[in-house]
Amino acid sequence: MSGTTTTSPAAPPPGARGRARRRRGPLRPVLALLALVLLAWVAAVAVSGVQAGLALRRVAEAAPGLEAAVREERFADAVGLAAGVADDAAGADRATRQFPWRLAEHLPWAGEQLRAVRGGAQAAAVLTEPLPDALAVAEQVVGDGLVSADQTVDVAGVQALAPVVTDYRARVDSARATLAATRGQGVLGVLAERLDPVSRQLDEVAGPLGTAADVVPQLPALLGAEGARTYLVAFTNPAEVRPVQGIVGAYAYVSVDAGRISLVRTGSDYDLYDARADVSLAGAEYAALYGEDAARVQNVTLGGSADEAGLLVSSLVVDAGLPAPDAVVLVDPVGLAQLLGPEHAALELGPFGSVATADLAGVLMHDAYVRFGDDQDARKAFLAATSAAAFQAVLADGLSTATLDGAQRAVASGHLALWSSRPAEQDALVAAGVAGVLGDPAAAGAVARIGLTNTAPSKLDYWLRPAVEVQAPCTTGGAEATGAVQLTLVNPVPAEIPAYMQNADERGTADERTARDTVSLWIPPWVGVDAVTVGGAAVDAAIDAEEGWRLVRVSVDVPPDTPVVVRWQLRGAADALPREVTGPTTATAPTTTAGACTR
């Protein structure tokens, strides 16, 4: 044997083995119990997750059908679908509020996913809880149109809508806050794909819903709930274009009393030729820019904002001995056609027979001049009666979805605007975007606006075809950059036109088929003007200020079929230079394109 020796572990003293067993004995049940609790907790979270997931899936699957039912005004179907959606969303919310779920939210990584799911479930529950009742109210109010066949607005229905809209604004704000608070950078892509579109949709709807919550409470008073209201509808004509639509050619007084709509009287601009508006009402800046010419009926729409036009129209009719209106609606033939919509039944227009809405603007702005020739009294009477009839047809449609969509298009294109003499109502109209105002340049963003003013007596702007090109900087941010806005005017005037539409400029510097216009550009005041060119040649431009905007004006002649190109070379912070341009409000809608970006 070798000399090495081995030693065995010392044997435990008597009783030690038993004490060790006694120490391990109670530990096993404790560990088993903890494992069981953990397993139950995981199972509870898993079950809640399955329940929430299935419920939210049902919500997602039902949403398109519910949206379609609402858009198609199938309110009975929508109410049933909404009840199921609300139940499922509430179930998902309850499942993710359970104690095991909330405890699991403290786990690393997994907790972030659970918080995101709970945020989605809570947002869905907040939004869908009142949906069945809200749709039931909507069915009662707008199911048969807000305006009945006898031209009476459902004022009580509008009042019932106000708290519904206000409640939803608060709910959307709450849902947006919940989603934002429960989202983190580590959320799984599969969850983000579900929740990101919801967040974007809520962000998109928040603004319009907030506006509706401001406006709807004002509507009952506007509809005569507190006493009769008098509306003056000023029918404008962009064949003799102005920044606010066109020259005022006819008018109608409409009374609204407790929702009951009635046409009081109609008239033409002949009634207003000797009247003068009080230009000072529009402010010293406006008076300095447009002078006393703005007091005449032909020029009350010279400024950049429809609220001033409404104010001046009101002052003008009072000076003519007519009643002071509570509100003014400014609309032109293009806007009337948009309000009625392409599917509307043809209008019976006396000597013109049945006229489709698509042809309404052409009849009022061209065919009437051909038909009546030198008989201006007959033509103006026809225009006044026809414009009022078309407006009544809009009201008789019951403010259907098609009419509301048409109104949105008319407002967006500048062919419809409203002004109220009451400050709270006017603020609501501005908030709703239907007041046609320039607005605050700081809130408007990187936009510009173009307006045209016919400066020679003619109706040649009826044929005008404007095309706008915007060249924005290639870069973004606050660094100084250059940009440009370009307006191309083409006027395909026929060889033979009615005498009343011809250029009657006594100065004789342009022929009878050449239009003369002032082109106005409104840009933010922090955007500079490097140069203004017409046809590639530099010209002097008048640079002023209007309602906080920089106003740049230049005069041009537009001969038949000869493009006239006006270009503004601009400088400023890259983010401030115009990337979007609105206007002008011509009879033919302007086309807008994006040119090559500037370096």
Side-chain angles (χ1 to χ4, degrees), residues 147 149-151 231-241 245-255 261-273 297-298 313 317 320 322 329-400 402-403 406-407 410 415-416 458-463 494 496-502 587-588:
V147 182
D150 64 350
Q151 296 189 3
Y231 288 80
L232 175 68
V233 184
F235 298 108
T236 59
N237 184 357
E240 194 164 343
V241 72
Q245 301 171 15
I247 189 172
V248 175
Y251 66 89
Y253 274 90
V254 176
S255 174
I261 302 169
S262 57
L263 180 64
V264 177
R265 66 172 292 170
T266 63
S268 76
D269 56 349
Y270 272 180
D271 305 334
L272 308 174
Y273 276 173
V297 62
Q298 299 93 334
V313 168
V317 296
L322 296 170
V329 180
L330 294 149
V331 64
D332 63 20
V334 176
L336 282 174
Q338 289 173 319
L339 280 167
L340 290 167
E343 304 301 323
H344 193 280
L347 300 177
E348 295 297 325
L349 300 184
F352 297 96
S354 296
V355 177
T357 55
D359 300 325
L360 181 61
V363 168
L364 294 178
M365 289 189 286
H366 176 268
D367 297 356
Y369 296 108
V370 177
R371 171 67 176 79
F372 293 101
D374 293 332
D375 191 350
Q376 296 305 312
D377 290 339
R379 182 183 63 81
K380 287 181 178 295
F382 166 77
L383 291 177
T386 299
S387 298
F391 193 74
Q392 281 187 292
V394 172
L395 297 176
D397 283 347
L399 295 186
S400 63
T403 303
H415 296 287
L416 173 68
S458 79
K459 299 295 186 291
L460 295 171
D461 292 316
Y462 169 72
W463 289 281
E496 299 293 331
I497 60 175
Y500 195 76
M501 299 186 76
Q502 297 173 3
T588 298

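Atoms considered below: every heavy atom in the structure, side chains included; atoms not considered: hydrogens, waters and symmetry mates.
Here the shortest heavy-atom pairing between Leu263 and Ala252 reads CD1-CB, 3.9 Å. The minimum heavy-atom distance linking Ala346 with Ser354 is given by the pair CB-CB, 4.0 Å. Annotation for Ala587 and Met365: closest pair CB-CE, 3.7 Å, computed over non-hydrogen atoms. Closest non-hydrogen pair, Pro238 versus Pro333, comes out as CD-CD, 4.1 Å. Summarising the geometry of Val363 relative to Val355, their closest heavy-atom pair is CG2-CG1, 3.8 Å, with the distance given to 0.1 Å. Scanning all heavy atoms of the two residues, the minimum distance from Arg371 to Pro351 falls at NE-CB, 3.6 Å.
Between Gln245 and Val334 the shortest side-chain heavy-atom distance does not fall below 4.5 Å. A heavy-atom distance below 4.5 Å is found between the side chains of Leu322 and Tyr251. Using a 4.5 Å heavy-atom cutoff, the side chains of Lys459 and Asn237 are in contact. Under the 4.5 Å side-chain criterion, counting only non-hydrogen atoms from C-beta, Ile497 is in contact with Leu460.
Gln376 meets the side chain to side chain contact (heavy atoms under 4.5 Å, CB included) test with Tyr270, Arg379, Tyr500; sequence neighbours excluded. Checked against side chain to side chain contact (heavy atoms under 4.5 Å, CB included), Ala410 has the following partners two or more places apart in sequence or in another chain: Gln338, Leu416. In this view, Asp269 and Lys380 satisfy the salt bridge (charged side-chain N to carboxylate O under 4.0 Å, His left out) rule, not counting sequence neighbours.
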* Hey, mind stepping through Phe235 and Leu383 against side chain to side chain contact (heavy atoms under 4.5 Å, CB included) and telling me if it holds? -> CA-CA 9 Å; Phe235 298 108; Leu383 291 177; over 6 Å; no

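Among Val248, Asp271, Val317, Val313, the one residue that satisfies the side-chain contact (heavy atoms from CB on, under 4.5 Å) test with Val297 is Val248. Each of Asp359, Thr386, Asp332 was evaluated against Leu364; a single residue qualifies, Thr386, per the side-chain contact (heavy atoms from CB on, under 4.5 Å) test.
Ser268 OG to Tyr273 OH: the interatomic distance, rounded to the nearest 0.5 Å, is 7.0 Å. Atom CZ of residue Phe382 and atom CG of residue Asp375 lie 13.0 Å apart, to the nearest 0.5 angstrom. Taking CD of Gln502 as the start and CD of Glu496 as the end, the distance is 8.5 Å to the nearest 0.5 Å.
Below 30°, between 30° and 60°, or above 60°: for Trp463 and His366 the angle between ring planes is above 60°, a perpendicular geometry.
One N or O on the side chain of Thr357 and one on the backbone of Gly341 form a donor-acceptor pair closer than 3.5 Å. The closest donor-acceptor contact from the side chain of Gln298 to the backbone of Ile247 lies at 3.5 Å or more, if one exists at all.
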